[in-house]
Amino acid sequence: MPESENEKSRKLSGLNFIEAIIEEDLYNNKNQGRVHLRFPPEPNGYLHIGHAKSICLNFGLAKTYNGLCNLRFDDTNPEKEDVEYVDSIMEDIRWLGFEWYDKAYYASDYFEQLYQWAEKLITAGKAYVDEQPQEMISEQRGVPTRPGTESPFRNRPVEESLDLFRRMRAGEFTNGAMVLRAKIDMASPNMHMRDPIMYRILHHHHHRTGDNWCIYPMYDWAHGQSDFIEGITHSVCTLEFEIHRPLYDWFLDQLAEGSYRPRQIEFARLNLSYTVMSKRKLLELVNEGHVNGWDDPRMPTISGLRRRGYTPLSIRNFADRIGVAKRDNVIDVGLLEFSVREHLNQVAPRVFAVLDPLKVIITNYPEGKVEEMELQNNPEDPDAGSRKVAFSREIYIERDDFLEEPPKKFFRLGPGREVRLKGAYIVKCEGFEKDENGRITEIYCTYDPSTKSGGSGAGRKVKGTLHWVSVAHAIEAEVRLYDRLFLDEDPAGHEDKDFKSFINPDSLKILQHCKLEQSLETATAGGQFQLQRLGYFCVDKDSREKQLVFNRTVPLRDPWSKKNR
RNA sequence: UGUCCGAUGGUGUAAUGGUAGCACUGCAGAUUUUGGUUCUGCCGGUCAAGGUUCGAGCCCUUGUCGGACAACCA
């Protein structure tokens, strides 16, 4: 298609609002046409799916507009931060498939610059040292509907503030003795403009600057200036910072001289149904043992999703699908599940595994005979080839694939019924055995030799097709069936009830002695498969030689069981 | 009885004054040696009331509802 003369005009259609802003800025050649974003996590916890949305957004925008995206650790609170988190955050971002520009940046690298700028503000009469106790400052701040009152130290001489500030840095005072405040407007309807605190005294070891500092900048003072130092053009953050924007701009206006300005843009954070997303609540789940760590496959953390068997591509596709806007949203967790099924359907090899085995004896099949059946590895991918699966007189099928008194629409096995054993023969149920409790112990079938898959008589159609595993050739494994962690759509949304009261008691079912086809013997941790007719599974890192552990990533879509629920 | 932000099917997200589209979900059917996949069809939406306009989801006014803000957290 030839480029029209509108080529240079803004094409704002079909874009999300952030893309529209960037296109507009590009059109106006703002900041010399640079596009430079950043992802600024605080290293005080593990990344979760909500962060993934932000990561995909920021790094994705940079890619779309041939720009750059920094990774910057917002490490201005040494009491909560740790290298452990720095490492896990970098691992998760890389795993998602993104690479940050240049190197990892740290707000702590700017402490000296920030300090110098703070002195400049003091000198300009735009900041002052307040020696009041915390409670007094808090009280004077007022409430959103009532203006605050000014601190008695607000108009102290510049020299006094400067001297005190230098001594704050020198370590002459104890924690909480005084703070540096910006002098803005105690009557502002925006609480954040009521002389916000820029520095507090914190005698605490920092994971990068060690004991070099005992005063640390607050978020509002550090963040925008860090953006400025790094040449960020579009500072994308979540909605709760919207009200901080006037302050973000105010600080920059005090310091910036040229025309370059980073611009803060806010979007609505991700909420997912049937889970919780706050770091505090996730921490609670871990600390109280409701899950087995940050990477428990039921956690919405990146590491949890990874261990659950989610793929980076499926998460990126998910992030694309949910879009980005400013209105509050709750995404159906089903959309996440759709995304992982979509990807795994393309790439996961199909294998047979029987989770709840029921023995079937094919009475007219010769004892001792073994046939190697040829099975396609992935019908969605012809290049995936095929494998041999041993078939013999005694096999396992899934216990719920047999019903003593099956309803009409039940396409599986029942007395007198026929089914296709996938990749093998059509068998007919001739009888079964029960124990004293009425539990079925064995089924007896006859097979029709003419119906062998791939053979001349294979064309005969029956209603159902079952997966199976030869008793003599089966290997055993543990299988962990994961379900959503909460029974309530919005576990944290109840004022009268704790979110943990909605924990799903069946969110993890551990099955032992599941029967797998022999080819799985060589599977290794991280391997992903579709257990045919059951779902997508991955090999857990808990696996040991001859003791495989599988995690269920997500079951297959199953309208039949849904209808019968 | 403050300021700021937001409101489009069940859930998300487009439509930038000119036919309300897409995805997920749901329902129905076709195909299928996975009750999977794939394909087809269907159900279903502009918060309300005024105003501007030939024409409003979009612009204006008012209202309603939802969210954010009162850490020496980010």
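Order of the sequence lines fixes the chain letters, A, B, ..., with proteins taken first and strands second; residue numbering starts at 1 for each chain. Basis for what follows: all heavy atoms, side chains included, without hydrogens, waters or symmetry-related copies.
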**Q** Using a cut-off of 6.0 Å, state whether more than 12 heavy atoms not belonging to A/Arg167 lie near its atom CZ.
**A** yes
**Q** Indicate, with a heavy-atom threshold strictly under 4.0 Å, whether A/Gly142 touches base, sugar-phosphate, or nothing.
**A** sugar-phosphate
**Q** What is the nucleic acid contact for A/Glu42, judged by heavy atoms within less than 4.0 Å: base, sugar-phosphate only, or nothing?
**A** sugar-phosphate
**Q** Give the rounded distance in Å between these two atoms: CD of A/Glu342 and C1' of B/U38.
**A** 13 Å
**Q** Please give, in whole Å, the distance from B/C4 C1' to A/His244 NE2?
**A** 12 Å
**Q** Report the nucleotide, chosen from B/C73, B/A70, B/A68, that has the shortest atom-to-atom distance to any side-chain atom of A/Met191.
**A** B/A70
**Q** Starting at CZ of A/Phe267 and ending at C1' of B/A68, how long is that distance when rounded to a whole Å?
**A** 15 Å
**Q** Taking the basic N atoms (NZ, or NE/NH1/NH2) and the acidic carboxylate oxygens, is any pair closer than 4.0 Å for A/Lys326 and A/Glu242?
**A** yes
**Q** With distance as the sole test, does A/Asp381 use its side chain to make a donor-acceptor pair with the main-chain N or O of A/Gln346 at under 3.5 Å?
**A** no
**Q** Quick check: does any side chain N or O of A/Asn44 sit under 3.5 Å from a backbone N or O of A/Tyr85, one acting as donor and the other as acceptor?
**A** no
**Q** For B/G55 and B/G18, measure between their C1' atoms and round to the nearest Å.
**A** 7 Å
**Q** Taking the ring of A/Tyr219 and the ring of A/His223, is the distance between their centroids below 6.0 Å?
**A** yes
**Q** Checking all strands, does A/Gln346 fall into the base, sugar-phosphate, or nothing category for heavy-atom contacts under 4.0 angstrom?
**A** nothing
**Q** Considering every strand and a 4.0 Å limit on heavy-atom distances, what is the contact class for A/Glu242: base, sugar-phosphate, or nothing?
**A** sugar-phosphate
**Q** Roughly how many Å is it from CH2 in A/Trp560 to P in B/G35, rounded to a whole number?
**A** 11 Å
**Q** What's the gap between B/C43 and B/A28 when it is taken at their P atoms, as a whole Å value?
**A** 15 Å
**Q** Scan A/Tyr199 against the nucleic acid and name what it touches under 4.0 Å (heavy atoms): base, sugar-phosphate only, or nothing.
**A** nothing
**Q** Kindly assign one of parallel, tilted or perpendicular to the pair A/Tyr425 and A/Tyr447, based on the angle between their ring planes and the thresholds 30° and 60°.
**A** perpendicular
**Q** When all nucleic acid strands are considered with a 4.0 Å heavy-atom cut-off, which category describes A/Arg350: base, sugar-phosphate, or nothing?
**A** base
**Q** For A/Asp74 and B/A71, what is the distance between atoms CG and C1' respectively, to the nearest whole Å?
**A** 16 Å
**Q** Looking only at the aromatic ring of each residue, does the gap between the centers of A/Phe111 and A/His206 stay below 6.0 angstrom?
**A** yes
**Q** Classify A/Gly148 by what it touches in the nucleic acid, base, sugar-phosphate, or nothing, heavy-atom distance under 4.0 Å.
**A** nothing
**Q** Indicate, with a heavy-atom threshold strictly under 4.0 Å, whether A/Tyr219 touches base, sugar-phosphate, or nothing.
**A** base
**Q** If I pick the C1' atom on B/G10 and the same atom on B/G26, what distance separates them, to the nearest angstrom?
**A** 9 Å
**Q** Expressed as a whole number of angstroms, how long is the span from A/Ile201:CD1 to B/A71:P?
**A** 20 Å
**Q** For RNA chain B, what string of dots and brackets results from 5' to 3' when Watson-Crick and G-U pairs need both distances under 3.5 Å, crossing pairs get [ ], and pairs with another strand get |?
**A** .((((((..((((....[..)))).(((((.......)))))....(((((..]....))))))))))).....
**Q** For a quick check of understanding: with a heavy-atom distance under 4.0 Å over all strands, which category does A/Pro559 fall into, base, sugar-phosphate or nothing?
**A** sugar-phosphate
**Q** Can you confirm if the aromatic rings of A/Phe165 and A/Tyr199 lie within a centre distance of less than 6.0 Å?
**A** yes
**Q** Does atom CZ of A/Arg269 have more than 12 heavy-atom neighbours from other groups under 6.0 Å away?
**A** no
**Q** Whole Å only: how far is the CD atom of A/Glu266 from the P atom of B/G6?
**A** 10 Å
**Q** What interatomic distance, in whole Å, is found between C1' of B/U8 and the corresponding atom of B/U13?
**A** 10 Å
**Q** Rounded to whole angstrom units, what separation is found between the CG atom of A/Asn329 and the P atom of B/A68?
**A** 14 Å
**Q** Would you tabulate the nitrogen or oxygen pairs shorter than 3.5 Å linking the protein to nucleotides 56-60 of chain B?
**A**
none

**Q** Look at all strands and tell whether A/Pro246 reaches a base, only sugar-phosphate, or nothing, counting heavy atoms closer than 4.0 Å.
**A** nothing
